[in-house]
Protein chains: 2
Amino acid sequence: MGTTQLETAPEPKYWHLKTVLSEALDSEFAVGEILPNERDLAARFGVARATLRQALEQLELEGRLQRRRGVGTTVAPPRVGVAVGSAQGTWPGEVGDAWQPADCAPAVPPADVARMLETSADEQVHVVRRTRVSHGQPVAAELLYVPASSVAELSAIDAPSGPARARGVLRELHRLGLEGQDRAVELGSARADDAKALDRLPGAPVLVVTTRFFAEGRTAAVSVATYRADTCRLTFGDAGGVEIHHGPERQAS
Amino acid sequence: MGTTQLETAPEPKYWHLKTVLSEALDSEFAVGEILPNERDLAARFGVARATLRQALEQLELEGRLQRRRGVGTTVAPPRVGVAVGSAQGTWPGEVGDAWQPADCAPAVPPADVARMLETSADEQVHVVRRTRVSHGQPVAAELLYVPASSVAELSAIDAPSGPARARGVLRELHRLGLEGQDRAVELGSARADDAKALDRLPGAPVLVVTTRFFAEGRTAAVSVATYRADTCRLTFGDAGGVEIHHGPERQAS
DNA sequence: GAGTGGTCTAGACCACACC
DNA sequence: GTGTGGTCTAGACCACTCG
């Protein structure tokens, strides 16, 4: 019989589906447009809904789609560039930083943070909650851990918690001379409280930026900021925040 | 593994399962240890395999587990800190960089890269492939795009492609004075070729680091590096690569 | 070959947004 | 209400690793 061409195509359906959808997004849909619902799309492509969802999940992970329960699936705008700090470093709350202090309360930090702060395992520190908004959307939630030793002059008259306390802690922190900082980025999944602040479901993928602030020869504060991974592109360096637009195509080739 | 009752829980099963498993990993398993297989685990927790898998996927995303087809699910070691470049910036291939040049070939860059390089949409550039190894494991794959105008003196005698060509392109690049660089980090999913280099399945979550190198008043080269998101923590700043341990890690039990 | 994780199906019900 | 995405089930078969 004729030579049958080597098939060699164990490419998963959802992967192929993702490619097809990705190309359709580029050519046939505008940003913000609503896609057909998952049941219709699955039927149209002749696959089970679960398979279709696997493709959609990948596209959402890459920031191409946005899905909202009760609403539908929409085409996401390009990721926004979010400046994550200049090389020289600044204290949280100094002029020009994009964070909005929300609250402050004493708490025992997680073990890994306590290790960086060199506090004992059960020692309370000031925890300042802040959020960051870009283009009208919340993009990040932060917990800033400040040991009492870093804000020794903090007025005992101020309220023990609340936004006023948060401002007081930041103000006292600025009295220290910032000697340097250290940053790390990794992938994580949103805890319930962060998910709420970011308007996502728990478990949503986030970029976790851990910053250590050095002053007086030790770690004076630690910031753990969680950014929405679907909508954010973190930018570093002197030109941080500059417009580097990624086209509709970045991964497929 | 006691049967938790506590209804009134709009908390999804897989989420609760993830919490239970996470705590079990902290207290009952050592790094590298093999977990029971998915069918047994699902039966033990009284859920469908798909639900159990949803919990495992999250834990893998957080770098707690490693799953390999045909082998099993193992407890992952803590993420390795990978230095992603100092603030002052260096050219790719200068002394001390952790990349291994693998290959070089001419190709037309993706549209977004072409935009940064300010080359025309169909103009070929040198594409240097490099890989990065840490602790014996491949952690990143890179494509470095170098327009011909940045390496004008490149000897026409050299081979048009291959490792020797890669070294030649890097050498010529160093003749330019590096004026600055610009970096962005975002979440992506591994293309087929990157997945192979990283020993992962296509679609695996990766951290994409895009670096723009400036020289002579323009963008002299662009690097797109994809890091394994499950095993890597990207570190920035002067103390890059320093040990900052995250998470409840357990060495042995 | 046996055992593993990866893919896929065809249903079901739930939580949420909007009318 | 209706319609959406989110969760869950109980199977099936495939691709891979290893003895």
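For the pair B/Cys232 and B/Leu207, the tightest heavy-atom approach, listed with the atom from each and the gap, is O-CD1, 4.4 Å. When every heavy atom of A/Thr51 is checked against every heavy atom of A/Tyr14, the shortest pair comes out as O-CB, 3.8 Å.
Between B/Pro36 and B/Ala50, the residue whose closest nucleotide on DNA chain C is further toward the 5' end is B/Pro36. When each of B/Leu35 and A/Gly70 is assigned the nucleotide of DNA chain C bearing its nearest heavy atom, the one mapping closer to the 5' terminus is B/Leu35.
Electrostatic pairing of B/Asp194 and B/Arg228 does not count as a salt bridge here, judged by no charged N lying under 4.0 Å from a carboxylate O. Ion pairing between A/Glu186 and B/Arg79 holds under the 4.0 Å rule for side-chain N and carboxylate O. A salt bridge links A/Asp26 with A/Arg64: at least one charged nitrogen is closer than 4.0 Å to a carboxylate oxygen.
When the side-chain nitrogen and oxygen atoms of A/Tyr14 are compared with OP1 and OP2 of C/dT7, one or more of them lie within a distance under 4.0 Å. Residue A/Thr73 places none of its side-chain N or O atoms closer than 4.0 Å to OP1 or OP2 of D/dT4. One finds a side-chain N or O of A/Arg53 lying less than 4.0 angstrom from the OP1 or OP2 phosphate oxygen of D/dG6. Contact annotation: A/Thr51 side-chain N/O to C/dT9 OP1/OP2 distance is under 4.0 Å.
If you measure from atom CZ of B/Arg67 to atom P of C/dG3, you get 21 Å, rounded to the nearest angstrom. To the nearest angstrom, C1' of D/dG6 lies 14 Å from NZ of B/Lys13. At whole-Å resolution of the value, CZ in A/Phe45 and P in C/dT7 are 19 Å apart. Between B/Leu201 atom CG and D/dC16 atom P the separation is 9 Å, expressed in whole Å. Atom CG of A/Leu52 and atom C1' of D/dT4 are 14 Å apart (whole Å). As a whole-Å value, the separation of A/Lys18 NZ from C/dT7 P is 12 Å. Rounding to whole angstrom units, CD of residue B/Gln58 and P of D/dG6 are separated by 13 Å. D/dT4 atom P lies 11 Å from atom CG of A/Leu41, rounded to whole Å.
In this structure, A/Leu56 reaches neither bases nor backbone, as no heavy-atom distance under 4.0 Å exists between it and the strands shown. Within the 4.0 angstrom heavy-atom criterion, only backbone atoms of the sugar-phosphate kind lie near A/Arg68; the bases stay farther away.
Of the candidate nucleotides D/dC8, D/dT17, C/dC8, C/dC8 has the atom nearest to the side chain of A/Pro12. Comparing C/dT4, D/dG5, C/dC8 by their closest approach to the side chain of A/Asn37 singles out D/dG5. Side-chain proximity of A/Arg49 to the nucleotides C/dG6, D/dG5, D/dT9 is greatest for D/dG5. Looking at the side chain of A/Arg69, the nearest of the listed nucleotides D/dT7, C/dT7, C/dC16 is C/dC16. In the set C/dT7, D/dG5, C/dG6, C/dT7 carries the atom at the smallest distance from any side-chain atom of A/Gln54.
Evaluated for a side-chain hydrogen bond (donor to acceptor under 3.5 Å, both in side chains) with A/Glu142, the options A/Gln100, A/Arg130, A/Arg132 yield exactly one hit, A/Arg130.
With hydrogens and angles ignored, a donor-acceptor pair under 3.5 angstrom links the side chain of A/Arg39 to the base of D/dG5.
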